[in-house]
Amino acid sequence: MQTTPRIQLAALCASLLLTACPSDPVCPPGTVLDTSGRCVDVDDVPDGGVPRPDAMIPDTPDGDTPDPDADTECEPTGEEICNGLDDDCDGLIDEDLSRTCGETSVGACTMGTETCEDGEWVGCDAVLPSEEICDPRGIDENCDGTVDEGCPCVSGETQTCGTDVGACRTGTQTCTDGTWGSCTGGVLPRAETCNGQDDDCDGMVDEDTSGASCGSNIGRCRQGTEVCEAGTLRCQGAIEPRPEMCNGMDDNCNGQIDDGLMAGCWQDNDGDGYAPASALAMGICLPATGMCPPMFTARQPNTRANQDCDDTDASVNPGATEVCDGRDNNCSGTVDDLPPGCWVDNDGDSYPPNGAAATCRPAAGCPVGYTTRAPSMATWDCNDNDPAINPGAAEVCDGRDNNCSGNRDDAPSFQCVLATPVSCTTTCGTTGSATCNAMCAVPTGNACTPPAETCNGVDDDCDGHIDEGVTSWRARATTGLTGSRGRLISFGDRHVYITTGSSRLQARVLGPDVTAAVSSSVLTIPDSTTNDSFDAKRYDSSSFIVAWGARTGTTYTVYVQRFSLSGSSITAGPRATVAAHSGTSATASATHGFQGISVAVAASSIYVAYPSSLGVETPLSVRRYTTSATSLSAQANTATGYTYARAVSSDAIGTTPVFAYRRADRTVCKFTLSGTTVQNHECGLPETESVELVSGGDMAILLTGGNSSLSGSFVHSDGRFRRNPTIGGTTGAITRQGLGLVAYEGPLVPRFAASRTSTGWDIVRAHGGSLLALHVTVPSALTIRLSSEQRFDAAVGTTVSAGRASTGPLIVLSGTNPTTAHQIRTLGCL
């Protein structure tokens, strides 16, 4: 404690004066300045106290600063110190004084600074020690050099907690804010229960779990005491509930007597062991004997299968067998719910109709109007109002379906349904119409009405005429190649057109539309210059054969060649030289040469008929060839030894080649070949200038013509003539003579006027196999005869050729001379 100036003065005063100062100008009257520098009552100064020494020193007006005018002079005492005095006598008291304060800089504590004010040190900003805090910050709050001393734990630390005794398991505690948290992850002690375990982890098992009351005192039950044995509580000495019995006691101890057993027996009025549904509320419990009293049953009517639908009839109940008696015997809810055994049969023939109503079969059998035969496709009665019609009836010819097969009059021996329209075959082989007769047979012969004539190449109406009234020239005519003679070979919808004239042979193809222009391609046959004669025949479906004679000077050569047809193109194939002769005699003049060359195709063999030497009348020869796509192979040559003039023609009847020629006496002969052997040689037909032989199935027709007549005869496959009738004669009729010829009543071609002379003709197979004759008459008119009623006259022509495929119109060529183009016309139905 520093001594203030006033105390120093008081001490000084006390040392100088042995008596108290008379007054103290600093203190009020009656007070003195004590040794601590305070003004106290004089009476309060202790006995023997020392009066204040500064009481004798005049003070400054404010009691602190000396009066400058006072007689006292300041004397420096040293450096300024914090004492409230001007120690250095600079007029300032305690100026610029500060010092370090505080206790320590350890832990959270820090040293500070304080200043001097009015002789006192004040304002220390040091951090002083405080009470230690347990927190995770780790601060030494009491500044003793130890952090969190005295705290239970350090934050973040862990420790084992709990116990492993009994059912318990240790866990883990974690220190948070210096305090241990709860124990987690372990099993803590629980209240002890009777389970064979130490639940409270005190080292004992199931202690204090016995002795409680258990059970009930209701009804027949009595309480006991709970005893824990082997981890299980058992009620010892109790009477437990039992199943309720029909005995007038509360066996199950629920407070009710015989509850749930009131429906053990139900009233059964008819005694059949089944109670009705209405007996549910009338039941009584089943006695201990297990037997219900009379008129009761132990079968509970709680389902339809146990409910008696008629409790007045012991034969009716769910256990009864259903019978067909109009009642619901088995209480199924349906009367007579049995498989059907009787089906409706209105006509009593024992066959039910399709969809017949059914019923069950009574013990006495089906009632009237029912049958025991079940309906099926084999037993359906198609007319249940007629007992004569059913699946078991025999089919008779009556226009009805007697046997219910689905078809009328379908007995194996029947051909049609009585009185219904049918198709039939007419006397001429066409399909006509009639009515099925009483024998269920299709009428034949005159009973079959022929159809009307149509354009089909057939004598539909059996009047002996083909396509009468339906055939006519097409309006269009097409100009073809030039030539004095032409041949037309048909290939279905195409035709090969060959002409001779202007010293060459030419071939062209006509397309499917015969009214259109002919194909523009023309094939000129080589080595055919100055030709005298040619013939052409179809070989197969895509090729044809041409034989021709060519003259160069006095050398005469006969050629044969095969050509192929593809579309509208003709390709030349293999060729062979048949014969060649030279001569300078009159017989080799330009007037004659090789005349009458002819070709026949039979059994894939090619036969060329030609003169064996030059001259007006020379022997006739025949050479056979076989062919492939690349070669023609000559076979044996057959010399007939018979002379001819110009006329020769050949064809084939089936596989037999047939030849016809005119002799020197102008009569006509014919023969057939078998290998190299001449057979059936026969002469004597009327004299003629020309000969044309055309096959007609299993026979051929031989047409001959002179100055005023056109005659014809048939040639059989055996080569024999059938003379008469002659075409153009006044009598005779051509009938069906073989395949390819149709029956014809009357002449095939009518008689021609004697004033007309035929100069050329051709015969073709026409519609349906009939034969068509064409001839050129003077003065140069082309005439076509189909029947006595049909004659078609065309334009001027001196030569004629015709051809026709199996279908389509007839193609007719006509020409006047070698330098005039042929006219191509078609003949068909309109």
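Residues take their numbers from the sequence shown, with the count starting at 1.
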Return yes if some donor-acceptor pair links the side-chain N/O of [X] with the main-chain N/O of [Y] below 3.5 Å, else return no.
X	Y	value
Asp401	Gly406	yes
Gln415	Val442	yes
Asp409	Leu418	yes
Glu192	Asp200	yes
Asp94	Gly84	yes
Gln307	Ala277	no
Thr449	Ala434	no
Ser350	Thr371	no
Asp87	Ile81	yes
Asn402	Val396	yes

Over all atoms of both residues, closest heavy-atom pair of [X] and [Y]:
X	Y	answer
Thr334	Glu322	O-OE2, 3.8 Å
Val323	Leu338	C-CD1, 3.7 Å
Val205	Gly196	CG1-C, 3.4 Å
Glu240	Cys235	OE2-CB, 4.0 Å
Ala357	Tyr370	O-CE2, 4.3 Å
Ala238	Gly224	CB-N, 3.5 Å

Distance in Å, [X] [atom1] paired with [Y] [atom2], rounded so as to fall on 0.5 Å steps:
X	Y	atom1	atom2	value
Leu188	Asp199	CG	CG	13.0 Å
Asn83	Asp118	CG	CG	11.5 Å
Asn390	Thr379	CG	OG1	10.5 Å
Arg169	Cys183	CZ	SG	13.0 Å
Gln159	Thr174	CD	OG1	9.0 Å
Glu80	Leu97	CD	CG	6.0 Å

Taking side chain as C-beta onward, heavy atoms only, is [X] less than 4.5 Å from [Y]?
X	Y	result
Thr115	Glu117	yes
Tyr351	Arg373	yes
Cys404	Asn383	no
Thr113	Asp125	yes
Cys143	Glu103	no
Asp336	Thr359	no
Val316	Cys331	yes
Asn252	Arg242	no

(request) With side chain to side chain contact (heavy atoms under 4.5 Å, CB included) as the test, would you mind laying out the steps for Val122 and Glu114 before giving the verdict? (result) CA-CA 5 Å; Val122 297; Glu114 61 184 356; over 6 Å; no

(request) Verify the distance criterion only: is there a donor paired with an acceptor across the side chains of Ser405 and Asn407 at less than 3.5 Å? (result)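 Ser405 vs Asn407: no donor-acceptor pair found between side chains.
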
(request) Could you please spell out the steps behind the disulfide (SG to SG under 2.5 Å) verdict for Cys82 and Cys116? (result) CA-CA 6 Å; Cys82 184; Cys116 183; 1.8 Å; yes

(request) Evaluate the pair Cys153, Cys175 and indicate whether the two SG atoms are within a distance below 2.5 Å. (result) yes

(message) Tell me whether Cys342 and Cys360 have SG atoms closer together than 2.5 Å.
(response)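 Their SG atoms do not fall under 2.5 Å; no disulfide, then.
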
(request) Using a cut-off of 6.0 Å, state whether more than 12 heavy atoms not belonging to Met439 lie near its atom CE. (result)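 Check fails, neighbour count at 12 or below.
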
(message) Counting neighbours of CG on Asp202 that are heavy atoms of other residues, nucleotides or ligands and sit closer than 6.0 Å, is the number greater than 12?
(response) yes

(message) Whether Arg327 and Asp310 form a salt bridge (side-chain N of Lys/Arg under 4.0 Å from carboxylate O of Asp/Glu) is what I want to check.
(response)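 No salt bridge links Asp310 with Arg327.
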
(request) May I have the step-by-step check of side chain to side chain contact (heavy atoms under 4.5 Å, CB included) for Asp250 and Ile218, ending in yes or no? (result) CA-CA 8 Å; Asp250 182 10; Ile218 299 174; 3.9 Å; yes

(message) Between Asp270 and Asp311, does the side chain to side chain contact (heavy atoms under 4.5 Å, CB included) criterion hold? Intermediate values first, please.
(response) CA-CA 5 Å; Asp270 56 9; Asp311 202 35; 3.0 Å; yes

(request) Determine, step by step, whether Asn437 and Thr435 satisfy the side chain to side chain contact (heavy atoms under 4.5 Å, CB included) criterion, reporting the C-alpha distance in whole Å, the side-chain angles of both residues, the deciding distance to 0.1 Å, and the verdict. (result) CA-CA 6 Å; Asn437 60 29; Thr435 299; over 6 Å; no

(request) Evaluate the criterion disulfide (SG to SG under 2.5 Å) for residue pair Cys101 and Cys124; output intermediate values, then yes/no. (result) CA-CA 6 Å; Cys101 63; Cys124 183; 1.8 Å; yes

